Amino acid sequence: MLASKNNKHLQRFLTVAAGIVILAVVAAQLLSRSGAEASFDISAQTIIQGLLVGGVYGLIGLGLSLIFGVMRVVNFAHGDALTLGMFLALFMFNRLGLDPYVTILIALPVGFALGYGIQRFVLARLPEGVGNSSLLATLGIGLIFSNSIFLGFGAQPQSVNVPYAISTVNIAGVQLSIPFLVAGLITAISITSLNFLLYRTEIGRAIRATAQNSLGAELQGVNTRQIQAIVFGIGITLALVAGILLLPILGSVIPTIGENFLLKAFVVTVLGGLGNLSGAIIGGLFLGVVETVGASGQIGSIGLNAWRDAFGLTMFVLVLLFRPEGLFGKTVKRV
Amino acid sequence: MTTTSAHSPRALPKINFGSTWLSLALIALMIIYPFVFGKNMNWGIATLIFAGLALSWNILGGWTGQESFGHAALAGVGAYTLTLLAIHYQIAPWWGALIGMALATLLSLGWGWLTFRLRGAYFTLSSIAIALLIRIYAINDPNKFTGGSEGLFMPDLPTFFGLDLFDRRVEYWLAFAFVLLVLLITHVIRRSRLGYALLAVREDEESARALGINPLRMKMTAFAISAALTALGGCIYAIYLQAFEPHTLLELPLSIQIALMAIIGGRSSIQGPILGAIVILGLGELTRSFLGEANLLIYGFLILIVTLFAPGGIMGLFNKTGAKLGKAR
Amino acid sequence: MTTTAPHPIQDTATAPLLRAENVRVQFGGLVAVKDISLAVKSGEILGLIGPNGAGKTTLFNALSGFVKPTAGLVTFQGRNITGVEPDRLARLGIARTFQVERPFEDLSVIENVLVACFLHHRGRKAQEHAFEMLEIVGLADRALQPAAELNLARRRRLELAKALALEPKLLFLDEVIAGLNPPAQAEMIGLIRSLADRGIGIVMVEHIMQVIMTLSDHVICMAFGEKISEGTPAHVASDPSVIKAYLGDDDD
Amino acid sequence: QDTIKIGAITSVTGRFAEFGKQQLAGFKVGVDEVNRKGGVNGKKIELIIEDNASDVNKGLAAAERLVNAGVPIVINEYSSSLVKAQAQYLARQKVPVLVVTSSGDDITKPGNDYIYRLNQPATEYARAIFNIFRDNKIKTVAMIAGTGAFEKSVAEAAVEIGKEYGIQLVENQSYDRGINDFRPVLNRIRGKNPDAVFMVSYAEDSVALMRQAREVGVKPRIFAGGAAGFALPDFIKGAGDAAESVVTATAWVPELRYAGTQKLNVDLTKALKGEPTYHAAQAYAGVIVAAEAIKRAGGTDREKVKAALGGIKMNTAFGPIEFKDFDGFKNQSPLEMVAQQVQNGKFVPVYPKSASPKPIKFER
Amino acid sequence: MTETAVKPQLNSGRERVLDVQNLDVAYGEAQVVFGVSLHVDKGELVGLVGGNGSGKSTILRVVSGMIRARGGTATYRGKTLNGTPAYQITDMGVAHVPMGRQLFGQMSVEENLIMGAYLPRTKAHRAQNLQKVYDFFPRLTEKKSMPAAALSGGEQQMVAIGRALMSEPEVLLMDEPSLGLAPLVVKEVMRVIASLRELGLTVLLVEQNVRQVLKVTDRSYVLEQGRLVIEGPSAELLHNPEVQRAYLGI
Ligand SMILES: Nc1ncnc2c1ncn2[C@@H]1O[C@H](COP(=O)(O)OP(=O)(O)OP(=O)(O)O)[C@@H](O)[C@H]1O
Ligand SMILES: Nc1ncnc2c1ncn2[C@@H]1O[C@H](COP(=O)(O)OP(=O)(O)OP(=O)(O)O)[C@@H](O)[C@H]1O
Ligand SMILES: CC(C)C[C@H](N)C(=O)O
Ligand SMILES: [Mg+2]
Ligand SMILES: [Mg+2]
């Protein structure tokens with residue numbers, strides 16, 4: 001059901017992308033009129049680079065969106081869960097010499113158990129109907145994550161030095177980094193299997209039913225507490241995996257890095273429509289391209305790279321204001 | 001049992017508008033502090049400033065339920081305005097503060113007008129985004145008016161009725177006056193039409209509209225008051241810091257800290273935010289030596305404890321009105 | 001098929017309080033309310049019935065400012081109020097209740113009413129007024145109780161007290177009686193009657209025919225957004241199209 | 001009172017704790033040395049070390065505790081953002097401040113009567129590298145710097161010095177803290193094909209930057225870093241092969257030929273049970289200079305200590321220290337920076353003459 | 001849960017399926033149900049009526065496991081219900097059609113129905129049951145692929161009942177199925193409920209609409225402020241003067 005709508009997504013995506021490019025060109029024109037010369041790099045290299053970054057953003061957003069879709073919880077711990085993944089991989093690498101990608105196999109059960117436990121023992125026990133209490137609780141959990149990492153690893157940056165981290169392949173003149181390609185592949189696998197799970201399996205139907213009306217689902221014999229815990233487990237696992245994938249890409253990380261990715265995840269999911277899974281991936285790609293092209297820009301003597309976050313944030317605010325349901329979303333095909 | 005109008009006493013019941021004596025007790029505590037802890041003025045000043053900021057936050061976040069995670073930007077507007085005016089135009093800090101408050105109010109009006117159609121988590125997210133955009137601007141200002149990422153130094157300031165503004169005692173009383181002002185405003189608002197309108201809007205905008213309340217206007221009013229007071233707090237904070245940078249003043253964690261103080265203290269109450277500031281900064285001071293770099297761990301656990309067991313915050317433990325009955329699953 | 005009463009109610013000397021002319025509300029392709037006209041006078045009760053999804057609540061919303069009519073004209077005491085925001089209507093003297101009652105749960109009963117009283121009064125005066133309203137609806141003994149603790153019948157009374165606190169000239173009541181048991185129904189009916197006797201114009205939606213029959217001076221039946229019948233309660237209740245679309249034939 | 005108490009603030013905990021550790025070792029070595037040589041004015045010295053927990057508010061509270069403790073002078077620490085508030089406060093309390101590590105130009109420019117700095121300011125970081133550029137006929141430079149106070153300060157100095165030396169800045173980019181994806185900028189830089197790339201960034205960024213520069217295939221004659229992240233041993237560890245032949249400015253290396261440098265290196269290594277960085281040496285120098293100022297002041301009177309600082313001219317294992325007013329700086333020690341290059345996975349000094357330099361290797 | 005069949009208790013010649021004894025229920029501090037005892041036998045259609053807030057829904061919630069009682073017992077064929085999670089109670093064969101229908105609004109009608117057969121026990125007969133439901137409610141056949149939210153109130157009620165039937169329940173608990181529906185639709189819903197018996201179901205029906213309930217049910221209980229005040233065959237209650245005065249508005 002979700003997959004069949006992808007064509008429409010793509011259309012909307014292209015329309016909006018075209019719109020933004022036109023806007024950017026107009027803005028550049030205006031600025032150049034006023035004396036300063038503006039230029040953006042829209043070479044294949046930059047665009048593809050943006051798509052690759054965007055794939056990772058999408059993967060981060062995917063978990064966040066899934067959790068929101070089913071539980072209406074904006075998971076503020078998502079960024080720190082991602083950091084947890086990074087440091088899990090670091091730990092395994094430093095202690096056991098385990099390759100980060102191998103750590104993904106460990107992250108699957110660890111992330112799932114962690115998410116499952118959090119939902120079961122914290123979020124499920126929140127008193128109902130009191131403001132944004134789940135938002136706050138996850139904020140607290142995130143702080144506990146990141147500060148536990150502080151306690152365990154200290155504040156200094158950590159890095160893994162794997163040989164493939166800086167290797168690239170050259171396809172048709174475009175240089176592609178290996179870790180990015182791996183990340184893209186795993187993102188694709190994740191969204192496909194998640195879609196399969198949700199729309200082709202019993203448990204998927206139960207998840208969707210729980211998302212729409214948990215009381216109703218419970219009365220059909222669905223153990224909704226368990227379903228919610230499973231969903232949180234999947235969401236956190238996705239965050240951990242994203243963290244591990246990012247480690248070789250970034251090269252060096254600190255325990256507070258999660259905050260930045262949390263923001264990216266927010267932007268991505270809002271662009272795609274909170275709770276809309278394919279939307280998250282598309283939102284991620286979109287953000288990646290806009291940011292990368294934006295960051296490559298130059299107005300007069302000012303490089304726009306330092307404004308990189310501003311591109312995403314501005315889009316975020318605009319989408320929140322004018323299309324709070326996301327660029328591509330109608331309520332019907334939420335989780 | 002169905003009541004008919006057959007009840008006898010026509011006495012008007014006494015509505016509890018929030019405990020006045022608790023406010024008085026807290027004020028007394030603040031007055032005593034410098035006489036007892038004269039050697040720890042910095043902690044006292046910081047706590048007062050944050051108490052005031054949390055109280056100001058609460059006017060918007062607690063009462064209308066629009067939880068902003070972007071208030072650091074408003075404090076920043078105050079701090080920057082006062083300092084920049086003092087540096088570039090030698091404008092006295094009190095005028096600078098007033099101008100800063102006015103600017104923050106203007107900003108909040110635009111900001112609110114744009115984002116108040118969003119609710120719950122959406123509003124919170126939008127507030128983060130807007131505050132961060134302001135931060136990015138302050139850092140990268142192409143004209144370097146904001147001082148960029150190197151930040152600003154507070155220049156020498158004229159004396160305030162003969163008082164040296166850099167004297168920690170003077171700063172303490174300044175911060176105290178700030179808290180007092182916000183507390184007073186809070187008390188007045190709580191029992192006024194505005195206060196009730198805000199609470200009504202928080203609970204149900206449609207219902208509020210039916211009762212003659214314009215939610216947008218009320219929220220804007222609350223935001224404007226909150227912003228002006230936050231900017232004032234930012235001004236005092238700037239004088240206290242004497243040197244600040246966007247990286248310390250305009251970051252998300254500061255915004256979250258302000259919000260959390262109010263939430264942990266109890267947002268439905270009047271005095272909760274003050275208690276929140278005291279508890280958080282006090283615990284931070286106590287645990288600093290053994291938690292080290294992980295000193296925010298304590299926040300994490302506090303938030304969990306409050307959300308799980310005391311949804312009304314610390315104040316909710318004392319009076320029940322803030323905490324709703326636990327709903328059955 | 002549209003059987004209308006011989007004369008719309010504008011024959012008497014008293015001009016109508018509220019008048020709607022060809023009000024239409026459209027949601028995308030769906031026309032929820034199709035060119036409905038009506039009028040209400042002071043002290044008059046207009047009953048609105050019709051099958052589920054007929055557009056009653058939507059019409060209500062359009063008349064009370066919560067939905068902007070796509071077309072048509074609404075006037076109140078001769079002023080054009082089409083599309084005017086509800087908070088301004090409240091100031092003019094138009095109040096409403098909601099189909100699903102919504103007290104402010106964090107506030108006490110009297111504070112709930114106080115919110116509304118501030119529209120016309122300040123300070124202590126407002127508190128007194130709030131208490132008076134509670135007395136009228138019979139909730140005075142529960143003034144300080146948290147509104148969240150009230151049961152359905154009392155919530156309905158509270159809802160009414162809030163509306164009355166606005167000192168309205170016109171009152172919209174959306175299913176305030178549905179769900180009440182017979183004694184509570186009887187009391188509520190009495191209360192509504194007394195409000196009308198005080199000169200308040202009332203528009204009410206209700207599925208309970210017996211209530212509509214006893215209270216209304218005038219009834220409109222809607223189906224699929226259209227007015228299918230209008231007139232005295234007896235006239236509408238015996239209208240075959242109403243029976244077919246709404247009441248069902250084997251009425252007891 | 002049989003000891004003289006000197007105040008010191010550093011980040012024992014928090015984000016900057018790594019540097020705090022270095023500084024604590026430097027303090028210890030300094031105090032031991034002063035006391036071993038008989039102390040000051042016949043009294044032993046003692047350091048009251050306060051933790052700022054890498055946080056402004058806690059830093060101000062720390063400074064207050066030192067003021068209350070009556071210390072004659074406060075040695076101030078790593079992070080510019082914290083030092084600015086702490087020093088400003090202390091100066092207004094009329095307590096002399098001796099800055100030993102933080103390097104934002106504006107701490108001593110325009111400065112304050114009570115604020116002295118013995119380490120090199122940000123401008124010098126840029127100058128050391130640009131001197132190398134000039135000496136090696138580098139014509140075009142692409143620069144990328146963080147938006148932190150320190151990085152910006154160095155970057156701005158680099159723009160000025162570049163003009164002065166006639167070196168063309170073909171890219172002047174900065175990046176915000178957060179997500180370390182530098183590929184868009186690096187792509188641009190690659191397109192410009194500059195002779196050199198100059199990078200100013202903190203630790204996590206420096207590793208990421210170098211790795212990504214290699215990945216993207218930026219190929220200048222030389223990569224240069226403006227100290228901070230690039231000068232730490234962790235840089236080599238983290239960036240691995242990508243770090244090879246990167247030149248960086250740094251404040252001090254054990255190979256310097258000042259009297260006592262070798263011994264200091266040994267002592268610091270012992271105190272740290274690990275490899276010392278220049279931060280430790282700076283902290284050490286802070287103690288030595290503070291002790292000297294108290295000695296010259298003949299007591300612990302703050303005004304006298306302040307005056308004594310002004311007259312100091314001495315040699316330390318960190319380098320020669322004197323406080324001068326120049327180029328808009330006030331009470332600033334005009335010490336020259338060092339530069340080192342990663343050669344075969346190790347830092348070797350390449351600049352200046354006084355550091356027995358090895359020849360610089362170029363990539364092309 | 002143990003699958004051992006408990007020996008059915010016999011009473012008035014019929015199997016007792018649902019048995020509630022001395023039930024006390026409270027929300028937080030406030031007790032709302034006081035020592036209520038009631039039972040439903042196999043094949044019976046039993047009504048539970050009473051004023052607002054008298055505790056009808058509360059009793060249903062206890063039986064279906066949505067809340068826990070403070071005291072007393074609730075058993076289904078001898079198996080205790082109080083404290084058993086709702087989803088397990090559904091598995092035992094007790095289906096609850098809650099107030100407000102609680103459909104999965106964005107899912108199609110058919111998916112809603114299939115969700116009713118979520119339990120492994122019922123999966124095998126899913127196709128047959130689906131067909132049965134469509135036979136029972138032919139109107140739903142045309143609306144199969146529409147999202148449930150787009151249906152009219154009466155149709156939604158049909159989906160809710162149909163969904164409950166998909167779980168092959170023995171007992172159906174229905175909470176105010178006629179709420180907010182037009183008179184015409186109410187009549188239709190009541191007809192449907194009356195005919196559920198043909199499917200061999202046992203039904204406990206909660207309603208505001210006392211007259212309608214008394215007309216379709218076999219026996220009824222009248223609840224007042226959390227206490228049971230009257231019980232008996234519905235036909236008798238219909239003519240009981242007290243009931244007439246208090247609940248039928250006669
Ligand atoms: N905001 C909206 N957007 C789209 N459609 C709407 C909206 N509000 C109402 N509708 C549709 O308009 C029609 C009329 O709905 P309305 O709520 O007015 O019915 P009603 O007569 O009040 O019914 P009931 O008796 O069940 O309360 C329905 O088909 C409904 O689905
Ligand atoms: N979740 C809850 N929390 C607190 N009190 C509740 C809750 N649900 C119901 N109550 C209270 O319990 C009492 C019984 O409510 P219940 O819903 O069982 O009544 P009911 O007979 O179903 O009434 P109605 O006809 O209005 O549906 C009422 O006084 C109600 O206010
Ligand atoms: C490289 C470091 C000595 C710079 C120091 N952290 C500062 O903030 O100034
Ligand atoms: Mg309606
Ligand atoms: Mg009920």
Side-chain angles (χ1 to χ4, degrees), chain A residues 39-41 43 45-46 49-50 52-53 56-57 150 154-163 165-168 170 175-180 246 248-257 259-261 263-264 288 291-298 301-310 312, chain D residues 11 13-21 54 142-147 152 159 169 171-191 201-217 229 232 234-243:
Chain A
S39 66
F40 287 87
D41 174 7
S43 64
Q45 174 74 47
T46 307
Q49 194 70 60
L52 289 173
V53 182
V56 183
Y57 288 169
F150 259 132
Q156 68 277 25
Q158 307 268 344
S159 50
V160 288
N161 211 339
V162 281
I166 56 174
S167 47
T168 54
N170 196 313
Q175 216 153 33
L176 301 175
S177 124
I178 300 288
F180 263 124
L246 273 166
I249 292 177
L250 296 182
S252 182
V253 295
I254 49 172
T256 48
I257 198 166
E259 181 195 318
N260 309 297
F261 285 102
L263 287 172
K264 298 291 171 206
E291 267 193 355
T292 307
V293 172
S296 76
Q298 176 108 19
S301 63
I302 301 157
L304 292 184
N305 188 60
W307 296 79
R308 178 176 182 149
D309 283 348
Chain D
S11 303
T13 59
R15 282 188 295 150
F16 305 127
E18 256 327 270
F19 305 99
K21 211 160 79 192
S54 311
M143 180 164 71
I144 169 165
T147 51
K152 267 284 177 73
V159 173
L169 214 56
E171 277 291 327
N172 179 6
Q173 294 278 359
S174 48
Y175 65 90
D176 206 346
R177 67 100 181 84
I179 292 170
N180 297 331
D181 174 24
F182 303 107
R183 292 169 182 90
V185 191
L186 291 168
N187 270 327
R188 275 189 81 98
I189 292 178
R190 186 179 62 161
S201 49
Y202 276 101
E204 70 270 25
D205 309 340
S206 54
V207 171
L209 245 176
M210 252 343 278
R211 282 216 213 162
Q212 292 175 19
R214 301 289 187 198
E215 176 199 314
V216 169
L232 299 176
D234 274 356
F235 170 62
I236 300 181
K237 220 170 80 197
D241 292 345

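None of these values were measured; they are calculated from a predicted model. We name chains A, B, ... by the order of the sequence lines, and we start the count at 1 in each one.
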On a heavy-atom basis, the closest approach of A:Gly251 and D:Arg211 is O-NH2, 3.3 Å
Heavy-atom check, side chain of A:Gln156 versus side chain of D:Lys21, under 4.5 Å
no
So, the part of A:Thr292 with a heavy atom under 4.5 Å from chain D: the answer is both
One option among A:Gln175, A:Gln158, A:Glu291 has the most heavy-atom pairs under 4.5 Å with chain D, and it is A:Gln175
Looking only at A:Ala295, A:Gly50, A:Ser252, the option with the highest number of non-hydrogen pairs under 4.5 Å against chain D is A:Ser252
Does the side chain of D:Ile144 come within less than 4.5 Å of D:Phe182's, by heavy atoms?
-> yes
Answer key: most heavy-atom pairs under 4.5 Å with chain A among D:Gln212, D:Arg214, D:Met210 is D:Gln212
With chain D, the option among A:Asn260, A:Asn161, A:Val160 that has the most non-hydrogen atom pairs under 4.5 Å is A:Asn161
Practice prompt. Would you sort out whether A:Phe180 and A:Gln49 count as a side-chain contact (heavy atoms from CB on, under 4.5 Å), showing the intermediate values?
Written response: CA-CA 9 Å; A:Phe180 263 124; A:Gln49 194 70 60; 3.4 Å; yes
Note: D:Ala213 and D:Leu186 closest approach over all heavy atoms is N-CD1, 3.5 Å
Of D:Gly240, D:Gly229, D:Gly146, the largest count of non-hydrogen pairs under 4.5 angstrom with chain A goes to D:Gly240
Highest number of heavy-atom pairs under 4.5 Å with chain A among D:Thr147, D:Asp181, D:Asp176 belongs to D:Asp181
### Beyond-backbone contact of A:Val56 with A:Lys264, side-chain heavy atoms, under 4.5 angstrom
no
Bottom line for A:Pro179: the part with an atom under 4.5 Å from chain D's heavy atoms is neither
Notebook entry, point to check: Given side chains that start at C-beta, do those of D:Val207 and A:Pro157 come closer than 4.5 Å, heavy atoms only?
Noted result: no
Looking only at A:Leu246, A:Asp309, A:Ile249, A:Thr46, the option with the highest number of non-hydrogen pairs under 4.5 Å against chain D is A:Ile249
